[in-house]
Amino acid sequence: MPTPRITELPDAVRALIEKNSGPITDMGTVHGGYNSSIAACVRTGRRSPHTLFVKGLPLDHPRVWTQAREAKINPHVRDLTPALHWYEEADGWSLLGFEYVEGDHADYTPGASDLSQISATMGQLARLRAPGVELKTMTDRYRTYVESPAELKWFEGDSLLHTDWNPHNVIITKAGAVLVDWAWASTGAAWIDSALWLLWLLWLIADGHTAAQAESVAATHPAWKSAPSAGLDTLARVQERLWDSIAEQSPDNWSQTMKAAARAWNTHRQSQD
Ligand SMILES: Nc1ncnc2c1ncn2[C@@H]1O[C@H](COP(=O)(O)OP(=O)(O)O)[C@@H](O)[C@H]1O
Ligand SMILES: [Mg+2]
């Protein structure tokens, strides 16, 4: 379920930001993303102005644990993501204070110049080993969506994966594609990220990629060639089940479109047999 975004910072949140970064001089809500109660661009400091991206959830939010995971992963992915300046859990709030990056959300339409930049950043990520930080494994995440436990073997691996390739989590800056929102960082087979990206390339459906086009874009990712065909087939089935269940719980437009994208990919995989 999407978490409604708060546009006025509560006093407790302002106080925590000011404790860490000095007096707030300006702020604005950041659009994009679905999970955080607070996503704000905050300017602080009278003498040396500084711009932060502050992301927050109330401490009683069911997904508040994802904040700690982002805090832990940040030092290990510093070449791909903005620096985390501070992390606070107090007074009812969990807050992350990141360096603010200027840029636009990624454009996933066919032929967009962003695609090769994103693939380059994904390639950098694919070369990193999973850090010694406790992360969910893809086998755990997909356990309830496979037909039999034996299928889970396709997803095993020790690669660090971002897994949430929503275009709002990719910011195109002057220096290239930057990945934000590591809330769903996981470990698993190296090729999984390329296949999960593919699904978002299909997400646009009407004016987006066909399944075959999306696969050829995903194939620019260095790990795609290591993807076993049966592993891709299994992932396509898992994704269709997963998005069916998400779309049932939150029948908004984007989850319906994602469900259609997952179905289109699974149908494409089946037609290859
Ligand atoms: N460091 C940053 N600098 C500038 N904008 C950011 C930064 N991190 C995230 N954003 C923007 O804020 C939005 C929400 O942040 P995100 O971490 O994706 O949270 P959510 O959990 O709400 O999806 C992103 O879609 C992106 O547009
Ligand atoms: Mg996000």
Side-chain angles (χ1 to χ4, degrees), residues 1-7 9-10 13 17 20-21 24 26-44 49-89 93-108 114 117-118 121-122 125 135-136 161-186 193 196-197 199-200 203-204 243 246 250 252-255 257-258:
M1 285 285 177
T3 301
R5 190 151 289 166
I6 297 173
T7 48
L9 294 183
V13 169
I17 295 171
N20 285 284
S21 293
I24 297 175
D26 198 9
M27 78 142 281
T29 304
V30 172
H31 299 286
Y34 303 97
N35 299 316
S36 302
S37 309
I38 289 171
C41 170
V42 181
R43 206 150 295 163
T44 67
H50 184 67
T51 310
L52 295 166
F53 170 72
V54 177
K55 170 169 178 171
L57 284 173
L59 284 177
D60 59 4
H61 192 285
R63 282 192 306 267
V64 72
W65 57 273
T66 60
Q67 296 274 106
R69 186 155 61 183
E70 281 205 63
K72 276 196 227 147
I73 199 94
N74 186 268
H76 302 281
V77 291
R78 279 294 298 109
D79 290 342
L80 316 169
T81 197
L84 177 68
H85 293 310
W86 47 262
Y87 168 46
E88 275 278 356
E89 298 219 317
W93 286 93
S94 171
L95 299 179
L96 295 161
F98 291 98
E99 168 199 348
Y100 184 86
V101 289
E102 293 284 352
D104 295 318
H105 291 141
D107 177 1
Y108 282 0
D114 294 356
Q117 295 193 55
I118 299 162
T121 303
M122 291 177 94
L125 169 58
L135 295 171
K136 286 220 184 238
L161 306 169
H162 180 285
T163 80
D164 188 354
W165 294 99
N166 181 321
H168 287 168
N169 292 335
V170 182
I171 302 179
I172 306 296
T173 72
K174 285 195 185 115
V178 164
L179 308 180
V180 297
D181 198 355
W182 291 79
W184 291 100
S186 306
D193 259 347
L196 294 179
W197 183 39
L199 224 68
W200 285 97
W203 170 61
L204 304 157
W243 283 104
I246 295 175
S250 55
D252 47 65
N253 278 346
W254 74 266
S255 50
T257 314
M258 240 2 235

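Heavy atoms only: backbone and side chains are in, while hydrogens, waters and symmetry mates are out. Along the sequence shown, residues are numbered consecutively beginning with 1. Read the numbers this way: they start at 1 and go in the same order the structure lists the ligands and their atoms.
Contacts classified as salt bridge (Lys or Arg N to Asp or Glu O under 4.0 Å) and involving residues 50-59 (residues at least two apart or in different chains) are given here: K55-E70, K55-D181.
Taking the six-membered ring where the residue is Trp, W203 and W200 present perpendicular rings, their angle passing 60° and hence far from 30°. Taking the six-membered ring where tryptophan is involved, the planes of Y108 and W197 are perpendicular, since the angle between them exceeds 60° and thus also 30°.
When side chains are defined from C-beta on, L9 counts as touching M27, because their heavy atoms get closer than 4.5 Å.
Taken to the nearest 0.5 Å, the CG atom of N35 stands 4.5 Å off from the CZ atom of R63.
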Side-chain donor-acceptor pairs of residues 78-85 under 3.5 Å, sequence neighbours excluded:
residue, atom, partner, partner atom, Å
R78, NH1, T81, O, 2.6
T81, OG1, L179, O, 2.6
T81, OG1, W182, NE1, 3.2
H85, NE2, H50, NE2, 3.4

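Of all protein N/O/S atoms, those under 2.8 Å from the Mg ion (ligand 2) are N169 OD1, D181 OD2, and waters are not counted.
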Could you give me the CA-CA distance, side-chain angles and deciding distance for E89 and Y87, then say whether side-chain hydrogen bond (donor to acceptor under 3.5 Å, both in side chains) is met? CA-CA 7 Å; E89 298 219 317; Y87 168 46; 3.0 Å; yes
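Remark: of the listed residues E99, E102, R43, R43 is the sole one forming a side chain to side chain donor-acceptor pair (under 3.5 Å) with T51.
By the 6.0 Å contact criterion, CG on N253 is open, its count of non-hydrogen atoms from other residues, nucleotides or ligands being 12 or less.
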For ligand 1, output the ligand-protein N/O contacts shorter than 3.5 angstrom; if there are none, return none.
residue, atom, partner, partner atom, Å
ligand 1, 1 (N), E99, O, 2.9
ligand 1, 3 (N), V101, N, 2.9
ligand 1, 17 (O), K55, NZ, 2.7
ligand 1, 18 (O), N169, OD1, 2.9
ligand 1, 18 (O), D181, OD2, 3.0
ligand 1, 19 (O), S36, OG, 3.4
ligand 1, 19 (O), K55, NZ, 3.3
ligand 1, 21 (O), S36, OG, 3.0
ligand 1, 22 (O), R5, NH2, 2.8
ligand 1, 22 (O), N35, N, 3.2
ligand 1, 22 (O), S36, N, 3.0
ligand 1, 22 (O), S36, OG, 3.2
ligand 1, 23 (O), Y34, N, 3.4
ligand 1, 23 (O), D181, OD2, 3.0
ligand 1, 25 (O), H168, O, 2.7
ligand 1, 27 (O), H105, NE2, 2.5

